[in-house]
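What follows is a single structure, written as structure tokens, with notes after it.
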Amino acid sequence: MDSFLIRGGQRLKGTIEISGSKNSALPIVAACLMAEGKTTLKGVPRLSDIDSMTKLVGELGCHVYRHEAPAGSSEGPVLNGPLDITVTDESKCEARYDIVKTMRASICVLGPLLAKRGKAVVSIPGGCAIGDRPVDLHIRGLQKLGAEFRTDGGNIVGEVRGRLKGCRMYLGGAQGPTVLGTINVMCAAALAEGETVLVGAACEPEVVDCAEMLNKMGARIRGHGTPEIRIEGVEKLVGCEHRIIPDRIETGTFIIAAAITNGELELRHCNLDHLIAVTDRLDEVGVKIERQNGTIFVSSTRRLSQIEMTTQPYPGFPTDLQAQLMALLCLGDGISVITERIFPDRFLHVGELNRMGGRIRKEGPTAIIQGVKELQGASVMASDLRASAALVLAGLVAKGTTRIDRVYHIDRGYEKIEQKLAAVGANIERVKEK
Ligand code: EPU
């Protein structure tokens with residue numbers, strides 16, 4: 001297991017290329033199970049979660065091939081070649097526990113398998129560091145399309161007699177809409193008979209990206225990006241070429257990296273439209289963000305103001321940037337308040353930030369952050385992906401050395417983060433854990 005050693009205090013300055021979105025690519029790779037012929041995906045980041053998903057679709061009968069990027073290609077410095085996915089065997093229907101336990105997004109194969117192969121066996125995802133993550137809304141939505149479910153030996157077993165049938169349904173839950181649930185049901189509905197209307201659908205850019213790819217495959221989806229998605233089922237989908245959207249959470253993390261180090265970063269290949277709530281909050285903190293086409297320029301004033309922020313479904317402030325914002329607000333003037341509405345227990349970073357000198361008190365789903373003058377380096381533990389990113393950010397500005405253990409959590413979702421940060425002046429290295 002690797003660790004990061006970060007010697008804090010360097011102002012970041014320079015250019016970072018943003019990778020393709022992990023959370024867009026994962027369900028899109030799963031959706032390729034429904035297509036006939038080859039699908040070519042561009043901008044798929046190289047991450048351990050993507051490796052898990054390509055392994056899973058490989059086990060489900062897909063041939064997956066990653067091209068080398070031609071020299072000087074427009075794929076950015078990470079030079080990722082396109083990913084080709086072709087279904088060659090439709091006989092397998094099982095997502096094993098071994099894979100599902102490492103990556104909950106494995107649930108995304110459920111809808112595509114049921115719609116195309118009429119059967120799916122998916123291990124039930126277990127507990128998760130960021131709180132309970134049930135899949136009841138996925139199941140309910142697919143049931144409404146006609147799939148039948150039972151549980152057997154820790155697996156969800158789904159079957160379809162004949163073809164799924166479109167209907168009008170409400171897909172929201174107690175915490176609001178579900179991103180992957182919307183995608184799962186939308187994928188299945190693309191091959192169902194008749195029209196499906198998803199009311200209370202998630203509006204996240206990742207849902208839109210998946211719908212756009214499905215439409216290139218021949219699906220007839222409208223209204224994606226709004227809470228009401230209309231899907232006219234088609235008989236078949238065929239492979240297409242699609243470029244994954246830029247990763248808005250990676251973009252937000254590097255914006256905060258510039259702000260927390262009082263640096264100046266140019267972020268290329270990103271889409272600021274997907275970060276409107278984030279730029280709104282950061283503007284109030286005192287972070288300056290300017291855009292020119294697909295590039296943004298970030299700088300900040302030395303004084304960071306206190307703010308209040310509540311995570312919300314898109315277009316609200318994303319839960320996936322809550323921990324990183326908290327790291328920044330540790331150095332704000334006065335008292336900031338963060339409320340987590342999507343995953344009310346997603347606060348594993350609080351204790352670790354406090355070990356670095358933060359003054360954060362948690363009350364239910366709310367964290368109260370008293371700004372301090374400086375953070376100090378310490379040995380801390382990466383827990384979930386975004387909590388770990390917050391510790392990297394804190395380490396960049398902390399006095400002395402921060403050691404972050406278990407960085408495999410970060411490798412799940414940030415492509416070459418230490419290389420990208422080192423290239424703009426951070427003193428960060430990857431070492432083998434003691
Ligand atoms: N929920 C249910 N029942 C369900 C599904 C969800 O009650 O069947 C609840 C969840 O417990 C949560 C809320 O609904 O309280 C929203 O969860 P959602 O289903 O939207 O989450 P997800 O689709 O499983 C994706 C991202 C997460 C991100 C959330 C929220 C992927 C692979 N994962 O998860 O990303 O936090 O949406 O935006 O796209 C991350 O990248 O670090 C990450 C955790």
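Remember, it's 1-based here, ligands and their atoms both numbered in the order they're listed.
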Atoms of ligand 1 less than 4.0 Å from [X] heavy atoms?
X: Ile342; value: 12 (C), 15 (O), 16 (C)
X: Thr319; value: 30 (C), 36 (O), 38 (O)
X: His138; value: 8 (O)
X: Lys22; value: 40 (C), 41 (O)

Can an N or O of [X] be found at a distance shorter than 3.5 Å from an N or O of ligand 1?
X: Asp136; answer: yes
X: Leu180; answer: yes
X: Glu204; answer: no
X: Gly176; answer: no
X: Leu385; answer: no
X: Arg133; answer: yes
X: Val179; answer: yes
X: Gly181; answer: no

So for [X], does at least one of its heavy atoms come nearer than 4.0 angstrom to any atom of ligand 1?
X: Met53; result: no
X: Gly413; result: no
X: Pro177; result: yes
X: Arg104; result: no
X: Glu206; result: no

Around atom [atom1] of [X], are there more than 12 heavy atoms from other residues, nucleotides or ligands closer than 6.0 Å?
X: Tyr97; atom1: OH; value: no
X: Ile276; atom1: CD1; value: no
X: Arg117; atom1: CZ; value: yes
X: Lys362; atom1: NZ; value: yes

Worksheet item: For Ser106 and Leu56, which heavy atoms make the closest approach, and how far apart are they?
Response: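 Shortest heavy-atom contact: CB-CD2, 3.7 Å.
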Fill in: For the student: nearest non-hydrogen atoms of Asn184 and Pro112, plus distance
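Looks like OD1-CD, 3.6 Å.
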Practice prompt. Classify the side-chain pair Glu241/Thr40 by whether it contains a donor and acceptor separated by less than 3.5 Å.
Written response: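 Not at all, the side chains of Glu241 and Thr40 share no donor-acceptor pair under 3.5 Å.
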Worksheet item: Between Thr319 and Glu340, do the side chains contain an N or O donor and an N or O acceptor separated by less than 3.5 Å?
Response: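 Yes - a donor-acceptor pair under 3.5 Å links their side chains.
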Discussion item. I'd like to check Thr15 versus Val424 (side-chain heavy atoms, cut-off strictly below 4.5 Å). Are they in contact?
Written reply: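 Not touching, per the 4.5 Å side-chain cut-off.
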Worksheet entry | Test item: Gln322 and Ile338 side chains (from C-beta on) under 4.5 Å apart, heavy atoms |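 With C-beta onward as the side chain, the pair touches.
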Discussion item. Parallel, tilted or perpendicular: which one describes the rings of His63 and Tyr65, with boundaries at 30° and 60°?
Written reply: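 Judged by the thresholds at 30° and 60°, the geometry between His63 and Tyr65 is parallel.
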Of all the non-hydrogen atoms in the protein, which one sits nearest to [atom], and at what distance?
atom: atom 35 (O) of ligand 1; value: Asp320 OD2, 3.1 Å
atom: atom 42 (O) of ligand 1; value: Arg386 NE, 2.9 Å
atom: atom 26 (C) of ligand 1; value: Asn23 ND2, 3.6 Å
atom: atom 19 (O) of ligand 1; value: Thr178 OG1, 2.6 Å
atom: atom 4 (C) of ligand 1; value: Pro134 O, 3.0 Å

Discussion item. Whether Glu250 and Lys22 form a salt bridge (side-chain N of Lys/Arg under 4.0 Å from carboxylate O of Asp/Glu) is what I want to check.
Written reply: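 No salt bridge links Lys22 with Glu250.
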Worksheet item: With a 4.0 Å heavy-atom cut-off (strictly under), which part of Asp384 contacts ligand 1: side chain, backbone, both or neither?
Response: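 It is neither; nothing of Asp384 touches ligand 1.
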Worksheet item: ligand 1 versus Tyr314, non-hydrogen atoms closer than 4.0 Å: side chain, backbone, both, neither?
Response: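 Under 4.0 Å from ligand 1, Tyr314 contributes no heavy atoms.
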Worksheet entry | Residue that, paired with Glu415, satisfies side-chain contact (heavy atoms from CB on, under 4.5 Å) out of Ile50, Leu47, Ile18 |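 The single option meeting the side-chain contact (heavy atoms from CB on, under 4.5 Å) with Glu415 is Leu47.
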